[in-house]
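Notes to accompany the following structure.
Computed from a prediction, not measured in an experiment: that's the story for all the values here. Throughout, protein chains are lettered first and strands after them, A, B, ... in sequence-line order, and every chain is numbered starting at 1.
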There are 2 protein chains.
Amino acid sequence: MKEGPDISQIGALIGDPARANMLTALMGGQALTATELAGAAGITLQTASSHLSKLETGGLVAQRKQGRHRYFALADDEVGQLLENIMGFAANRGLMRTRPGPKDPALRKARVCYNHLAGDFGVRMLDRLVADGDVTLDGDEAGLTQNGEARIAALGIDVPALKTQRRPVCRTCLDWSERRSHLAGSLGEALLARFIADGWARREKDSRAIRFTPEGEKRFTALFP
Amino acid sequence: MKEGPDISQIGALIGDPARANMLTALMGGQALTATELAGAAGITLQTASSHLSKLETGGLVAQRKQGRHRYFALADDEVGQLLENIMGFAANRGLMRTRPGPKDPALRKARVCYNHLAGDFGVRMLDRLVADGDVTLDGDEAGLTQNGEARIAALGIDVPALKTQRRPVCRTCLDWSERRSHLAGSLGEALLARFIADGWARREKDSRAIRFTPEGEKRFTALFP
DNA sequence: TTCATACTTCGATGGTAACCGAAGCATTTG
DNA sequence: CAAATGCTTCGGTTACCATCGAAGTATGAA
């Protein structure tokens, strides 16, 4: 009956500039309200609401009611990975959103990819983990070795807790600026959260950029030279 | 000036059902004429021509004039990889093109992914090569070891010739039906070409399916158990 | 040269979807 | 309760684009 997957529905969802802008905004990893997303896309609240219901029906975003707010976020890690993938393709072809602000270098250095660290810093971190035998690669899947578990636990991350989740602990995600993989999965998320909680870095407002403090960058580089 | 890549243009190109059908047809790896693509998409020649010029402007397809025919093909390997990626995502969500013909099981067993082998057979081949230490994985990049070069050369493939090309020899590509990686790059292409040239398998007409002969399947399984 | 094939361009049409104003619903605050 | 906030739904407009018929261009065959 069926001959292959249908890519046109997904393409159509992503193909509208307003929706694409909202999805890009959600790649920041934070759940945003409809009003915030309308602002990010430069449209009114009514139009945004219509777009969001389409994105939700299409399974790209999920909403969570909280009081009188409705927070929207990417539906799951897989959506983030798909978007990062398409961004990589678009970046290679020179298709860039022209927006005010000289944020490009900062984005390439370190940024959030849905919920984990991307950019030069993200790639270097995975490279180091693999080189030290803490993480093993097998295609797009990855595994944490005994060594790796100890190293991660030493950073104050509860590794057994990560394993209880349904989604994979380790995963690779293709980086659009570096054209190499960085670490995704629940471990990737936990590591970024750790860096921020420890004050090594903080999220830039209204951007995907991650800004490391001088002290944080020194510590990060010491850990992942 | 620029804040991140623009995914909407690509999405819009893929988002039209007629264009998506043409791109899916081109995933078969063969260059097709505008007339053939119009047939595959179920539209008239004029409409197809308009779509093709858009796809070409967008860098997704490239054309080659040959006599009074114009052959269209995917612009490069990267486009094939992107499409396979989106197909994987769509397949996970149950978005399938409903078309006549019970070809789905054959597609899952072995099919062509732009120019290399995909499906169960493709995944098994890469698994075996990695397990035997012939291919090393590093994110989405991959390398051929000394052992691997010898093994490939024994199949009658000119490995040094592959290396002279600009594109990578080894590359991984995410398989939508198996959700694991298979082998792409010039080596992936050469291997599939070898199997077909040796009569182990042949392309199914008007489909991405690859049909192995009983003898061919036996030999393939012996090589990659 | 004349005809045929392969494809592109032009022009007109129709359908769809993005968009926003206004009204409606839900939740919180005062 | 009433007022305010956050968001959705409805209705109508507009603009775009996919579509196809017809005409035009290019290559090859007769």
Could you go through nucleotides 16-19 of chain D and list every protein N or O atom that sits under 3.5 Å from one of its N or O atoms, giving the distance for each pair?
residue: dA18(D); atom: OP1; partner: Arg19(B); partner atom: NH2; Å: 3.2
residue: dA18(D); atom: OP2; partner: Lys54(B); partner atom: NZ; Å: 2.5
residue: dT19(D); atom: OP2; partner: His51(B); partner atom: NE2; Å: 2.5

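Here dA26(D) presents its C1' atom at 13 Å from NE2 of His69(B), a figure rounded to the nearest Å. A straight line from CG of Leu45(B) to P of dT25(D) spans 17 Å, rounded to a whole angstrom. Rounding to whole angstrom units, OH of residue Tyr71(B) and P of dT8(C) are separated by 14 Å. At whole-Å resolution of the value, CZ in Arg64(B) and P in dA6(C) are 17 Å apart. Remark: P of dT9(C) and CD of Glu56(B) are 10 Å apart, rounded to the nearest angstrom. Here dA6(C) presents its C1' atom at 12 Å from CD of Glu36(B), a figure rounded to the nearest Å.
Counting heavy-atom neighbours within 6.0 Å of Arg219(A) CZ, excluding the residue itself, gives a total of 12 or less. More than 12 heavy-atom neighbours from other residues, nucleotides or ligands sit within 6.0 angstrom of CZ on Arg167(B). Atom CZ of Arg211(B) sits in a sparse spot, with 12 or fewer heavy atoms from other residues, nucleotides or ligands closer than 6.0 Å.
Electrostatic pairing of Arg111(A) and Asp175(A) counts as a salt bridge here, judged by a charged N lying under 4.0 Å from a carboxylate O.
Ile86(A) has its side chain within reach of Leu82(B): a pair of non-hydrogen atoms, C-beta onward, lies under 4.5 Å apart.
Separation of atoms CZ (Arg70(B)) and OG1 (Thr35(B)) is listed at 11.5 Å; rounding is to 0.5 Å.
Side-chain atoms of Arg203(A) come within 3.5 Å of backbone N or O of Gly28(A) as a donor-acceptor pair.
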- Would Thr47(A) and Thr44(A) count as a side-chain hydrogen bond (donor to acceptor under 3.5 Å, both in side chains) if you check the C-alpha gap in whole Å, the side-chain angles of each, and the deciding distance to 0.1 Å? CA-CA 5 Å; Thr47(A) 308; Thr44(A) 63; 3.1 Å; yes

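Here Ser53(B) lies out of heavy-atom contact (under 4.0 Å) with every strand.
A tilted orientation is assigned to the rings of Phe195(A) and Phe212(A), their planes being inclined by 30° to 60°.
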- Item | Heavy-atom protein contacts under 4.0 Å, nucleotides 24-30 of chain C, coded B base, S sugar-phosphate only, - none | ---SBS-

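Residue Thr35(A) has a polar side-chain atom (N or O) positioned under 4.0 Å from OP1 or OP2 of dC7(D).
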